[in-house]
Amino acid sequence: MHGWKESYNHLANTCQCGNTHYPLPVEKIIVENNAIGKVSEFLKVKRFLKAVLVVDQNTNDKAGKKLVNLLTDENIDVTISVVGENGQGDVIADERSIVQVLLDVPQDTDVLIAVGSGTLHDITRFVSFKMMKAFISVPTAPSVDGFNSMGAPIVVNKKKLTFQTHAPLAVFADLNILANAPKEMIAAGFGDILGKYTSLTDWRFGHLVNNEPYCDAADKMTRAALNTCISNFDAITEREDKGIKHLIEALIQSGLAMSLFGHSHPASGAEHHLSHFWEMEYIQQGRPQLLHGAKVGVSTSIIADFYKSKVFPELVKSLLEKSKISENELKEMEKLVHEIPSKVEMEQMLEKLGGPGNATALGISDDLIRRSVKEAHLIRDRCTMLYYYNTKVTEKI
């Protein structure tokens, strides 16, 4: 990611939104072949001589064992914490996993290293923050945009809560490893990026209608990540080196935008609220979990269709009647909604990538969709278009 520090600092220093712009939390981002080989060098520079690798059985085989050998060859003391599966065969960022890693980490540990995808990063981020230890990211699949964010979504008492913790000191994204990730996980990463169409629209709407904090710099960073993936869709589909590189860099850039703003608004709107609603339903029922990005991709297509066909047309009338929005602001929102691809276009992209393209393929029932569209806005205190429609315009969907 050439020039990412300069770009981040330039946007932070020149943005006039009036909000706090948080200092760059990540010291190093390496996205290249054999990036994993540069972890030990960074640890030595930081004088981290005792490390804990947080893995699951799959990611340990894929990258963990190799990293252990690389670190021990450099005389770095390594402890392995292999997070176990639950009764459904899933690794979940919940109380059980948190306690397991807490018990596995020696008190004199210098750094925790997450080797895996989003869930292992959330566990590691939370534990390292609570123990006041540094943490480093080694993603094994380009599947989510949370590798370098500060938020840690954790399941507590079967409900998903997001805790603001800290970002990693460094990210080592090895393209050799990422390119060999299952196609479903690559499709999931693209699905998480696809969600920025509606998250950015929701964020702008919440600012205009409810005066929620908004940052033009974080918006630009997120939109650039989205546009990069759309422009390189074919290369991502074919798993070309440049395609995987563009996808992981876009996911990292989305995480940087959240770090800049200090919250998840740029990357999480109604589409994520539906995804979280589905996830909590599955946890309550003891059902196996679905990939986060797969849920977000499908929920984005559902929200996009709902916004275009029903929500926005009815919001226009309500907003104008209540003088909640000016004509120019209304035109801005119309443009944003118009630029969101259609439900069919999104489904086709997700299917071409090898992931589930619609709710049926994902296994989400019509009843769960109906309930989530009606209730998911209550998950976060955030004025999305879905929230406004359900609470201010009508209670009936």
Contacts of Y8 meeting ring-ring contact (aromatic ring centres under 6.0 Å, His included) (sequence neighbours excluded), chain-then-number -> none
inquiry  = Quiz question: by atom type and distance under 3.5 Å, do the side chains of W278 and S372 form a donor-acceptor pair?
reply    = yes
Applying ring-ring contact (aromatic ring centres under 6.0 Å, His included) to H273 and not counting sequence neighbours gives none
Sequence neighbours excluded, the answer for ring-ring contact (aromatic ring centres under 6.0 Å, His included) partners of F277 is none
Sorted by chain and number, sequence neighbours left out, ring-ring contact (aromatic ring centres under 6.0 Å, His included) with Y22 holds for none
Original post:
L336, L208: one ILVMFWY side-chain cluster at the under-4.5 Å cut-off?
Top reply: yes
Modelled atom types, side-chain donor and acceptor of R382 and S264, under 3.5 Å: yes
Taking the six-membered ring for Trp and the full ring for Phe, Tyr or His, determine whether the centres of H272 and H292 are under 6.0 Å apart.
yes
Sequence neighbours excluded, the answer for salt bridge (Lys or Arg N to Asp or Glu O under 4.0 Å) partners of E279 is K160
M150-L256 co-clustered via ILVMFWY side chain contacts under 4.5 Å: no
Exercise. Which is it for R371 and D367 under the salt bridge (charged side-chain N to carboxylate O under 4.0 Å, His left out) test, yes or no, and what are the steps along the way?
Worked result: CA-CA 6 Å; R371 287 188 288 113; D367 176 67; 3.0 Å; yes
query = Under 3.5 Å, is there a donor-acceptor pair linking the side chains of E271 and T198?
reply = yes
- prompt: Are W203 and L260 linked, directly or through other ILVMFWY residues, by side chains that come within less than 4.5 angstrom of each other?
  reply: no
Salt bridge (charged side-chain N to carboxylate O under 4.0 Å, His left out) pairs touching residues 342-352, sequence neighbours excluded, are D234-K352, K343-E347
Residues pairing under salt bridge (charged side-chain N to carboxylate O under 4.0 Å, His left out) where one sits in residues 169-181, two or more places apart or in two chains, turn out to be none
Stepwise side-chain contact (heavy atoms from CB on, under 4.5 Å) check, E85 with D90
CA-CA 5 Å; E85 298 175 346; D90 294 320; over 6 Å; no
* Asked: Would you say the side-chain atoms of R380 and S268 include a donor-acceptor pair closer than 3.5 Å?
  -> no
For L103, the other hydrophobic cluster members (4.5 Å side-chain criterion, sorted by chain and number) are V99
Besides L120, the hydrophobic cluster formed by Ile, Leu, Val, Met, Phe, Trp and Tyr side chains linked at under 4.5 Å, directly or via other members, contains V52, V54, V83, V91, I98, V101, L102, V105, L112, I123, F126, V127, M131, F135, I154, V156, L161, F163
Correct closest heavy-atom pair for V298 and A359 would be CG1-N, 3.5 Å
Exactly one of Y307, F312, F205, F306 clears ring pair (Phe, Tyr, Trp, His ring centres under 6.0 Å) with Y389, and that residue is F306
Review point. Less than 4.0 Å between a side-chain N and a carboxylate O, is that true for K65 and D61?
Key: yes
The complete set of salt bridge (charged side-chain N to carboxylate O under 4.0 Å, His left out) pairs with one or both residues in residues 100-113, sequence neighbours excluded, reads K50-D108
Correct closest heavy-atom pair for S137 and H121 would be OG-NE2, 2.7 Å
The complete set of salt bridge (charged side-chain N to carboxylate O under 4.0 Å, His left out) pairs with one or both residues in residues 191-208, sequence neighbours excluded, reads D145-K196, D192-K196, R204-E332
Besides V296, the hydrophobic cluster formed by Ile, Leu, Val, Met, Phe, Trp and Tyr side chains linked at under 4.5 Å, directly or via other members, contains none
So that I can tick it off, tell me whether E32 and K245 are bridged by a salt bridge, with the cut-off set at under 4.0 angstrom between side-chain N and carboxylate O. no
hydrophobic_cluster_shared for I244 and L350, side chain cutoff 4.5 Å: yes
Within the 6.0 Å centroid threshold, strictly below: F233 and F190: yes
Residues V115 and T59: closest non-hydrogen pair is O-OG1, 2.8 Å
Point to revise | Beyond-backbone contact of L43 with I113, side-chain heavy atoms, under 4.5 angstrom | key: yes
Is it true that D216 and K220 have a side-chain N and a carboxylate O under 4.0 angstrom from each other? yes
